[in-house]
Amino acid sequence: MVSVEVHKEYGYVVLDLVLYAFLNTWMSIQVGNARKKYKVPYPTLYATESDNKDAKLFNCVQRGHQNSIEYMPVFFVMLLVGGIQHPRIAAGLGALYIIARFFYFKLYSTGNPQNRLKPVGLSFLALFGLIICAASFGVNLLIRDWL
């Protein structure tokens with residue numbers, strides 16, 4: 001059995017989760033506003049150009065949010081696990097990821113899907129760093145008794 005001590009700096013990791021929850025809520029509000037603006041009723045997930053001249057504009061807003069939701073489980077798990085051993089590094093990477101996600105959404109929402117690619121490198125860099133933090137924690141759990 002291994003006991004794990006959570007450092008007080010882990011609070012920064014938790015605050016990253018809270019910040020992301022606010023970002024996700026804000027993005028969902030933006031999708032709701034786009035539904036009204038571009039007249040895309042529920043439960044339609046994506047507009048079609050044959051039915052709506054503004055389909056591309058709405059779909060860019062919708063995809064920006066949807067893509068963020070798709071990556072959310074990986075981000076949350078890597079942040080929470082990696083933050084146990086590396087709370088400050090994980091919190092910093094988490095903040096970088098959240099900032100990159102905000103700009104990803106804002107740039108995607110312009111209606112030009114290519115704009116979304118500008119902050120993608122930062123978000124993948126942050127996510128990869130979090131994966132390394134989580135892997136480091138896992139390895140350290142396994143080798144603790146050997147050292």
Side-chain angles (χ1 to χ4, degrees), residues 2-49 52 54-144:
V2 176
S3 63
V4 177
E5 179 182 329
V6 178
H7 302 278
K8 80 175 194 177
E9 289 88 4
Y10 195 75
Y12 296 122
V13 171
V14 174
L15 291 176
D16 274 353
L17 288 178
V18 172
L19 183 59
Y20 197 88
F22 281 117
L23 176 63
N24 187 54
T25 301
W26 175 79
M27 285 188 287
S28 67
I29 291 168
Q30 300 312 303
V31 172
N33 291 340
R35 281 188 180 285
K36 291 175 192 162
K37 181 177 181 179
Y38 301 121
K39 297 175 179 53
V40 179
Y42 287 105
T44 305
L45 189 58
Y46 295 107
T48 57
E49 291 186 14
N52 188 323
D54 295 318
K56 184 177 180 182
L57 293 169
F58 171 76
N59 291 343
C60 284
V61 176
Q62 173 71 355
R63 272 306 300 153
H65 183 229
Q66 186 69 34
N67 184 265
S68 295
I69 290 171
E70 291 163 3
Y71 277 93
M72 193 181 336
V74 174
F75 170 60
F76 280 6
V77 171
M78 294 301 109
L79 177 66
L80 290 171
V81 173
I84 294 171
Q85 182 171 330
H86 308 285
R88 284 185 244 155
I89 294 170
L93 290 167
L96 179 62
Y97 181 83
I98 292 165
I99 291 165
R101 273 283 143 189
F102 169 79
F103 285 108
Y104 177 91
F105 179 82
K106 287 294 283 181
L107 291 168
Y108 207 160
S109 296
T110 63
N112 180 354
Q114 291 303 311
N115 286 343
R116 79 188 195 287
L117 300 175
K118 294 173 184 172
V120 163
L122 280 179
S123 64
F124 280 124
L125 177 69
L127 196 57
F128 185 68
L130 289 169
I131 291 168
I132 291 171
C133 287
S136 169
F137 176 59
V139 168
N140 283 331
L141 283 175
L142 293 172
I143 66 170
R144 229 177 232 184

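Only a predicted model underlies this, so the values are computations on that prediction, with no experimental measurement involved.
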Check: Asn24/Arg101 side-chain N/O donor and acceptor closer than 3.5 Å:
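Checked: Asn24/Arg101 side chains show no N/O donor-acceptor pair below 3.5 Å.
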
Is the backbone of [Y] close enough, under 3.5 Å, to the side chain of [X] for a donor and an acceptor to pair up by distance?
X	Y	answer
Arg63	Cys60	no
Asn52	Thr48	no
Thr110	Lys106	no
Thr25	Ala21	yes
Thr44	Val40	no
Tyr10	Leu80	yes
Asp54	Tyr38	no

Hey, do the aromatic rings of Phe128 and Phe124 have their centres closer than 6.0 Å?
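No, the ring of Phe128 stays outside the 6.0 Å limit from the ring of Phe124, centre to centre.
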
Pro119 pairs by side chain to side chain contact (heavy atoms under 4.5 Å, CB included) with which of Phe102, Tyr108, Phe105, Tyr104?
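Exactly one option meets the side chain to side chain contact (heavy atoms under 4.5 Å, CB included) with Pro119, and it is Tyr104.
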
Does Arg35 make a cation-pi contact with Phe58, if we ask for NZ or CZ under 6.0 Å from the ring centre and within 45° of the axis?
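No.
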
Side chains of Gln30 and Ser109: does their closest heavy-atom pair fall under 4.5 Å?
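No - every pair of side-chain heavy atoms lies 4.5 Å or more apart.
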
Within the structure provided, determine whether Met78 and Cys133 are in side-chain contact (heavy-atom separation under 4.5 Å).
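They are not in side-chain contact.
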
Take the angle between the ring planes of Tyr20 and Phe75 and call it parallel below 30°, perpendicular above 60°, tilted in between.
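Rings of Tyr20 and Phe75: tilted, 30 to 60°.
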
